[in-house]
Amino acid sequence: MKCNRCEKNAVIRLRQHRLIFCREHYLEWFLGQTEVNIDRYHLFEKTSRVLVTVSGGKDSLSLWHALNALGYKTHGVYINLGIDADTSYSLKSEQFTRNFAGRAGLPLSVLDLKSRIGFTIPELAFAKRYSRMRPCSACGLVKRHFMNRLAGEGSFDVVVTGHNLDDEAAVLFGNLLNWDTALLGRQAPLLEEQAGFVRKAKPFCRFTERETTAYAILQQIDYIEDECPYSVNAKQLKYKAILNELEETQTGVKLRFYSTYLKARKAGFFSSSGKQSSNEPIMLCPDCGQPTSSEGLCAFCRLLAHASNPRHE
Ligand code: Q46
Ligand code: ZN
Ligand code: ZN
């Protein structure tokens, strides 16, 4: 099997794009498509200061690598969530991230949650008042809070994450199953800057997981292969499996599902397009100063207060 662009042997076939590439031309295609996506959705400019949220996994490290290769000004941030029982997941993922940044000579900030707020994600999630809160909910809240805060403190123009097409299609699938129109209105490759919320972008939203994995492997990026232990039973994994099954017989269905949704959204089928919150007025949290849609403490500070003083609940 020969590459479509040269005489070399191919290393990958992209059925949904009808393309076959050798290593060199796959990497060229991947970087080209990353640039196309950044332009297509007007994510950011060459002069933008880009904060890349990295987890030590293939997607975020590939994203950081690709943006750097394309000449963007990037700074990585890793949050150690303290998810270490049995698996040492956070310890290991921090090490993979540090190694990558060290080898690539890229600037990295590391935030250790336990040192910063006194709690790890499992401790926050299993605090008494929140005994039914899933770790992923606490984790999402904490990550959103710190990403916004760190981007503001460092005067970054945009925060980028390594979400790929499989992630986006699975979220879309879940939101459609529940007809969650508020969330449907907010799912997009770009969330504009708005009243205290930093601009957020997903440059890899049209790449499948297979494509980002291939980029990581062909670039010899050393990434953590273990999944977070809390992701094991996540509904999203089931949605991904269903979509992958469909993809086997309907080539390109994931990309069509996501891109036609984006077209429908652009045409106004869902409200609050591109906004990060509903139309409620934005207030500032009296404790941390971050934006919040309700009066008093923001959700992050409330979670922290409950974890610090669970008996008062
Ligand atoms: S890190 Fe956090 Fe994920 Fe682990 S606790 Fe859930 S959300 S699964 S991206
Ligand atoms: Zn080639
Ligand atoms: Zn707050």
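Values reported hereafter were calculated over all heavy atoms of this structure, with side chains retained and with hydrogens, waters and symmetry mates removed. As the structure lists them, so they are numbered: ligands from 1, and atoms in each ligand from 1.
With hydrogens and angles disregarded, a donor-acceptor distance shorter than 3.5 Å links the side chain of Arg265 to the backbone of Gln187.
Residues Lys114 and Glu123 are paired through a salt bridge, judged by an N-O separation under 4.0 Å between the basic side chain and the carboxylate. Comment: Asp166 engages Lys254 in a salt bridge, judged by a side-chain N to carboxylate O separation of less than 4.0 angstrom. Using a 4.0 Å cut-off between charged side-chain N and carboxylate O, Glu247 and Arg256 make no salt bridge.
Sorted by chain and number, the protein atoms of type N, O or S within less than 2.8 Å of the Zn ion (ligand 3) are Cys285 SG, Cys288 SG, Cys298 SG, Cys301 SG.
Taking a 4.0 Å cut-off on heavy atoms, Lys143 registers as neighbouring ligand 1.
Checked against the 6.0 Å centroid criterion, the rings of Tyr215 and Phe207 do not qualify as a close aromatic pair. Side-chain rings of Phe30 and Phe204 approach one another, their centers coming within less than 6.0 Å. Between Tyr230 and Tyr89, the gap from one ring centroid to the other reaches at least 6.0 Å.
Checking Cys139 against atom 2 (Fe) of ligand 1, an N/O/S atom falls under the 2.8 Å cut-off.
At the shortest separation from atom 6 (Fe) of ligand 1 among protein heavy atoms lies Cys136 SG, 2.2 Å. The shortest contact between atom 4 (Fe) of ligand 1 and any protein heavy atom is with Cys228 SG, 2.2 Å.
Classified by interplanar angle (parallel below 30°, tilted 30° to 60°, perpendicular above 60°), the ring pair Phe257/Phe173 is perpendicular.
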